[in-house]
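So the structure is just underneath, and the comments pick up after that.
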Amino acid sequence: MSKKPVCLIIGAGAGIGGNVGKKFAKEGYHTVLVRRSDEAGLNKLVADISAAGDSAVGRLLNAAQEDAIENLIVDIEQNEGPIEVVVFNLGAQFGDRTLEETTYKLFELGWRMTSFALFRVAKTLAPIMEARGGGKILVTSATSAMRGNAGQHAHAAAIGGRRLLCQTLNAELSVKGIHICHIYIDAMIEAPDTLGRLVGEEIYEKLLAEKANGKDEMVIPEKVADTYYHIAHQHRSAWTSEVDIRPFSEQPWWNN
Ligand SMILES: NC(=O)c1ccc[n+]([C@@H]2O[C@H](COP(=O)([O-])OP(=O)(O)OC[C@H]3O[C@@H](n4cnc5c(N)ncnc54)[C@H](OP(=O)(O)O)[C@@H]3O)[C@@H](O)[C@H]2O)c1
């Protein structure tokens, strides 16, 4: 059991999840990093944080599976320490699929990974946080939460609904000391485990060459991590419930 407050990251790849985990660990949290399939990537993240003298453990699990989230939260509370902050970082970007290509199963999976999984986190953890006097739930989101688009049926429906779930949770839980923030990232991120896999190595490398490496035209996860930390430590008289993030060179979606 760690004496430090726990920051739980659900969806800890090399992009937003891992970098927000590093930031909270650097600031004195015991970080519990959860990802689904890449054990080597998870071990490397934990090793990097430990090598910096900070505190982290990794858990490999599929958050969309029945009872996975509920069991995880109970186990962390019993064995790691009190969860003060959750960063819910799961998306459901399957790539563009026409209506014909979007199966019932895929549509349901999008909802399971995003809206329903967040609901399960809140249902399990909110009573525990409330009994302790408060907590923070930070939810990473994307442009599709604000605007539907061709090929985005499963993704947009899932995360658009989740945005309103965040508002609903906030309306009920903020007076109980629990702060929920919907953080939507309106641009591509330097994220090899998500965007990199989605577009393939060749296109991802091309994107980095065109927009990254000093050009700052893709979101740099390490920089976003500061925003997450700030939001988790706002005074309750000035809580942010929604924030949008994009690089200097991007136009907001409503201009396109
Ligand atoms: N990447 C972008 O360009 C972009 C743009 C806008 C918004 N976003 C949002 O950013 C968030 C993701 O951040 P990121 O792209 O920087 O990715 P990341 O933090 O590098 O990685 C996210 C990790 O989530 C894990 N994951 C996926 N499904 C899971 C499940 N069912 N159970 C447990 N873990 C699971 C994956 O683990 P494994 O790799 O081990 O399977 C993946 O590595 C999402 O909310 C997404 O909507 C991303």
Side-chain angles (χ1 to χ4, degrees), residues 8-24 31-46 58-73 86-95 108-118 120-121 137-147 149 152 154-163 166 181-199 203-204 207-208 211-212 217-225 227-228 243-247 250 252-253:
L8 166 62
I9 311 274
I10 301 178
I16 300 281
N19 282 281
V20 173
K22 282 181 186 170
K23 171 71 180 172
F24 276 81
T31 309
V32 180
L33 304 153
V34 174
R35 67 187 293 176
R36 179 181 44 191
S37 57
D38 182 351
E39 194 166 9
L42 183 64
N43 290 341
K44 181 178 181 316
L45 188 56
V46 172
R59 302 283 178 89
L60 206 64
L61 68 83
N62 183 353
Q65 273 177 358
E66 204 179 332
D67 293 334
I69 286 175
E70 294 78 359
N71 292 340
L72 172 75
I73 289 171
V86 179
V87 176
F88 185 88
N89 194 49
L90 300 185
Q93 179 54 278
F94 304 115
E108 187 184 317
L109 180 63
W111 168 80
R112 249 177 220 292
M113 285 170 64
T114 56
S115 285
F116 188 49
L118 175 64
R120 291 167 57 199
V121 168
I137 303 176
L138 310 182
V139 180
T140 310
S141 191
T143 317
S144 289
M146 313 302 275
R147 181 183 69 162
N149 213 342
Q152 292 288 301
H155 186 220
I159 70 168
R162 185 178 62 181
R163 176 179 179 236
C166 288
C181 187
H182 180 256
I183 301 170
Y184 88 88
I185 303 192
D186 186 27
M188 287 186 288
I189 301 169
E190 292 182 23
D193 297 329
T194 52
L195 181 64
R197 275 187 212 153
L198 184 72
V199 299
I203 294 176
Y204 185 64
L207 279 172
L208 291 181
K211 289 174 169 284
E217 294 190 24
M218 287 170 77
V219 173
I220 301 173
E222 196 187 338
K223 307 298 177 195
V224 175
T227 303
Y228 280 70
V243 63
D244 60 338
I245 294 173
R246 64 185 69 82
E250 282 285 331
W253 63 261

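All residue numbers refer to positions in the sequence shown, counting from 1. Atoms within each ligand, like the ligands themselves, are counted from 1 in listed order. Note that the coordinates shown come from a computational prediction; the quantities given were computed from them, not determined experimentally.
- Side chain of Tyr204 to backbone of Ala191: a donor-acceptor contact under 3.5 angstrom is found.
- Not one N or O on the side chain of Ser115 forms a donor-acceptor pair closer than 3.5 Å with the backbone of Trp111.
- If you check which protein heavy atom lies closest to atom 34 (N) of ligand 1, you get Arg36 N, 3.3 Å.
- Here the straight-line distance linking atom CG of Asp244 with atom NE2 of His182 works out to 10.5 Å at 0.5 Å rounding.
- Leu72 places a side-chain heavy atom less than 4.5 Å from the side chain of Leu61.
- In terms of N/O distances under 3.5 Å, ligand 1 is approached by Ala14.
- Close contacts between ligand 1 and Leu61 involve ligand atoms 32 (N), 33 (C) [criterion: under 4.0 Å to a heavy atom].
- Contact annotation: Leu60 has no heavy atom less than 4.0 Å from any atom of ligand 1.
- Between Gly17 and ligand 1, at least one pair of N/O atoms sits closer than 3.5 Å.
- Of the protein's heavy atoms, Thr194 OG1, 3.2 Å lies nearest to atom 1 (N) of ligand 1.
- A side-chain donor-acceptor contact under 3.5 Å links Asn19 to the backbone of Ala14.
- Checked by distance only, ligand 1 and Arg35 come closer than 3.5 Å through their nitrogen or oxygen atoms.
- Assignment of Gln93 to the shell around ligand 1 is not supported, since no heavy atom sits closer than 4.0 Å.
- To the nearest 0.5 angstrom, Ser144 atom OG is 10.5 Å from Arg162 atom CZ.
- For atom 26 (N) of ligand 1, the closest non-hydrogen atom on the protein side is Leu90 CD2, 3.6 Å.
- Each of the following atoms of ligand 1 lies closer than 4.0 Å to a heavy atom of Met113: 28 (N).
- Distances between N or O atoms of Ile185 and those of ligand 1 include no value under 3.5 Å.
- Residue contacts with ligand 1: Ser141 is included, with a non-hydrogen atom under 4.0 Å away.
- Close approach of ligand 1 to Asp193 (heavy-atom distance below 4.0 Å) involves ligand atoms 43 (O).
- Using a 4.5 Å heavy-atom cutoff, the side chains of Met218 and Leu195 are in contact.
- Looking only at side-chain heavy atoms (C-beta outward), Gln152 and Gln93 come within less than 4.5 Å of each other.
- Taking all heavy atoms of Ala142, Ser144, Ala191, Pro192 into account, the minimum distance to atom 7 (C) of ligand 1 is reached by Ala142.
- Ranking the protein heavy atoms by distance from atom 41 (O) of ligand 1 puts Ser37 OG, 2.7 Å first.
- Residue, atom and distance of the protein heavy atom nearest to atom 47 (O) of ligand 1 are Gly91 CA, 3.7 Å.
- Of the heavy atoms in Arg197, only side-chain atoms (C-beta onward) come closer than 4.0 Å to ligand 1.
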Please lay out, stage by stage, how Ile185 and Ile16 fare under the test side chain to side chain contact (heavy atoms under 4.5 Å, CB included). CA-CA 10 Å; Ile185 303 192; Ile16 300 281; 3.6 Å; yes

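- The CZ atom of Arg120 sits 7.5 Å away from atom CD of Glu66, with the distance rounded to the nearest 0.5 Å.
- In terms of protein heavy atoms, atom 5 (C) of ligand 1 is closest to Ala187 O, 3.0 Å.
- Applying the 4.0 Å criterion to heavy atoms of Thr140 picks out, from ligand 1, the atoms 9 (C), 10 (O), 11 (C), 45 (O).
- Polar contact check, Ala63 against ligand 1: a nitrogen or oxygen pair lies under 3.5 Å apart.
- Heavy-atom contacts from other residues, nucleotides or ligands closer than 6.0 Å to CD of Glu70 number more than 12.
- The shortest N or O to N or O distance between Ile16 and ligand 1 is under 3.5 Å.
- For ligand 1, the atoms lying closer than 4.0 Å to a non-hydrogen atom of Asp38 are 40 (O).
- Residues Lys23 and Tyr228 have side chains not in contact (no heavy-atom distance under 4.5 Å, counting atoms from C-beta outward).
- Contact check for Met146 versus Tyr184: side-chain heavy atoms found under the 4.5 Å cut-off.
- For ligand 1, one of its N or O atoms has an N or O atom of Gly13 under 3.5 Å away.
- The protein heavy atom nearest to atom 44 (C) of ligand 1 is Asn89 O, 3.4 Å.
- Residues that satisfy the side chain to side chain donor-acceptor pair (under 3.5 Å) test with Asn89, not counting sequence neighbours, are Thr140.
- In Glu250, the CD atom is crowded: over 12 heavy atoms of neighbouring residues, nucleotides or ligands sit closer than 6.0 Å.
- Atom CE of Met188 and atom CG of Leu207 lie 4.5 Å apart (nearest 0.5 Å).
- In terms of protein heavy-atom proximity, atom 31 (N) of ligand 1 is nearest to Asn62 OD1, 2.8 Å.
- At least one N/O-N/O distance between Ile189 and ligand 1 falls below 3.5 Å.
- For the side chain to side chain contact (heavy atoms under 4.5 Å, CB included) test, residues two or more places apart in sequence or in another chain that qualify with Leu109 are Phe94, Met113.
- Taking every non-hydrogen atom of Met188 and a distance limit under 4.0 Å, the qualifying atoms of ligand 1 come out as 3 (O).
- A heavy-atom separation below 4.0 Å is not found between Ala68 and ligand 1.
- The shortest heavy-atom distance from Met218 to ligand 1 is not under 4.0 Å.
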